[in-house]
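Written below as structure tokens is the structure these notes are about.
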Amino acid sequence: MLSDAGDPQPPAKTNSALKNPLLYSSMLVGIVLLFTVWTLFSRWQENLAMERRWREEKARKQLEDDRVALEQLGGKELAIQSFYASPEAIHKGESTQLCYGAANAKTVQLEPQPNAVWPSYARCVTVSPAQNTVYTLTISDASGNTKTQSLRVTVE
């Protein structure tokens, strides 16, 4: 090519897109960014899965603990869990504790006993018998079923 003055002009340089360093660095930054986003997303999903498994395990353990507690408290059946005197033998004029535990009871009667009693899983009342006495604990449920147990307090 000749210029207007007749001098040869060097050919015009064309920038090839494949020789552009900005293109390669942009692609590299994009690849690193995609890898980073993918890594964060996959870790987020793993954390969600672990939390879900932890919640399910916690719920299963709570259900098992509740089942064990229900069984320890008598399950669904009417039952006298405990009935005892502490101490069983006393001297005249002393007192002792009568303790009882009833499961699924609607009413509780302790005879002979002047103090009020009520359904409880663990309750004690103080008694001061003047002579050897047999105490009877009777519990009943809403259906009218009853259970009875007796114990003797010895007065020396």
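Only this structure's heavy atoms are used, side chains among them; waters, hydrogens and symmetry mates stay out.
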Checklist entry - Hey, mind stepping through Val127 and Thr96 against side chain to side chain contact (heavy atoms under 4.5 Å, CB included) and telling me if it holds? => result CA-CA 6 Å; Val127 294; Thr96 186; 3.5 Å; yes

Checklist entry - Does a donor on one side chain and an acceptor on the other come within less than 3.5 Å for Glu51 and Asn47? => result no

Next on the checklist: For the aromatic rings, using the six-membered ring if either is Trp, is the centroid distance between Trp44 and Phe41 under 6.0 Å?
Outcome noted: yes

Checklist entry - How far does OH of Tyr135 sit from CG of Leu137, to the nearest 0.5 angstrom? => result 13.0 Å

Checklist entry - Where the side chain of Ser26 meets the backbone of Tyr24, is there a donor-acceptor pair that is under 3.5 Å apart? => result no

Checklist entry - Got a donor-acceptor contact below 3.5 angstrom from the Thr133 side chain to the Pro129 backbone? => result no

Next on the checklist: Quick check: closest heavy atoms across Ala142 and Lys106, and the distance to 0.1 Å?
Outcome noted: N-CB, 3.8 Å

Item to check | side-chain hydrogen bond (donor to acceptor under 3.5 Å, both in side chains) between Ser95 and Thr126, intermediate numbers included | outcome: CA-CA 7 Å; Ser95 60; Thr126 303; 5.7 Å; no

Item to check | Salt bridge flag under 4.0 Å for residues Glu64 and Arg67 | outcome: yes

Item to check | Spacing of CE belonging to Met50 relative to CD belonging to Gln45, to within rounding of 0.5 Å | outcome: 12.5 Å

Checklist entry - Asn104 and Tyr121: which non-hydrogen atoms are nearest, and at how many Å? => result N-OH, 4.4 Å

Checklist outcome for this item: For Ala103 and Gln81, the nearest pair of non-hydrogen atoms, with its separation, is CB-NE2, 3.3 Å

Checklist entry - For residues Thr138 and Gln109, is any side-chain donor paired with an opposing acceptor at under 3.5 Å? => result no

Next on the checklist: Nearest 0.5 Å, please: how far is OG1 in Thr154 from NE2 in His91?
Outcome noted: 11.5 Å

Item to check | Donor-acceptor contact below 3.5 Å, side chain Asp141 vs main chain Leu78 | outcome: no

Next on the checklist: Strictly distance-based, threshold 3.5 Å: is any side-chain N or O of Ser128 a donor or acceptor partner for the main-chain N or O of Gly93?
Outcome noted: no

Checklist entry - Looking at Ala105 and Ile139, what are the two nearest heavy atoms and their distance? => result CB-CB, 4.0 Å

Checklist entry - In terms of side-chain heavy atoms, does Thr136 have a donor or acceptor partner in Ser150 at a distance below 3.5 Å? => result yes

Next on the checklist: Apply side chain to side chain contact (heavy atoms under 4.5 Å, CB included) to residues Arg123 and Trp118 and explain how you reach the verdict.
Outcome noted: CA-CA 9 Å; Arg123 174 148 163 63; Trp118 52 83; 3.0 Å; yes

Next on the checklist: Determine whether a donor-acceptor pair (N or O, by modelled atom type, separation under 3.5 Å) exists between the side chain of Asn132 and the backbone of Val155.
Outcome noted: yes

Next on the checklist: Please check if the number of heavy atoms outside Glu88 that lie under 6.0 Å from its CD is greater than 12.
Outcome noted: no

Item to check | Nearest-0.5 Å distance that lies between atom CZ in Arg43 and atom CD in Glu46 | outcome: 8.0 Å

Checklist entry - Roughly how far, to the nearest 0.5 Å, is CD1 of Ile80 from OG1 of Thr146? => result 9.0 Å

Checklist outcome for this item: Smallest heavy-atom separation, Phe83 atom then Gln149 atom, equals CE2-O, 3.4 Å

Item to check | From CA spacing to verdict: side chain to side chain contact (heavy atoms under 4.5 Å, CB included), Tyr84, Leu98 | outcome: CA-CA 6 Å; Tyr84 61 92; Leu98 292 181; over 6 Å; no

Checklist entry - Looking at CG of Leu110 and CG of Leu151, how far apart are the two atoms once the value is rounded to the nearest 0.5 Å? => result 8.0 Å

Checklist entry - Would you call Glu57-Arg60 a salt bridge at under 4.0 Å N-O? => result yes

Checklist entry - Which atom names give the shortest non-hydrogen contact between Val134 and Arg152, and what distance separates them? => result CG2-NH1, 4.0 Å

Checklist entry - Donor-acceptor pair, Ser120 side chain versus Ala122 backbone, under 3.5 Å? => result yes

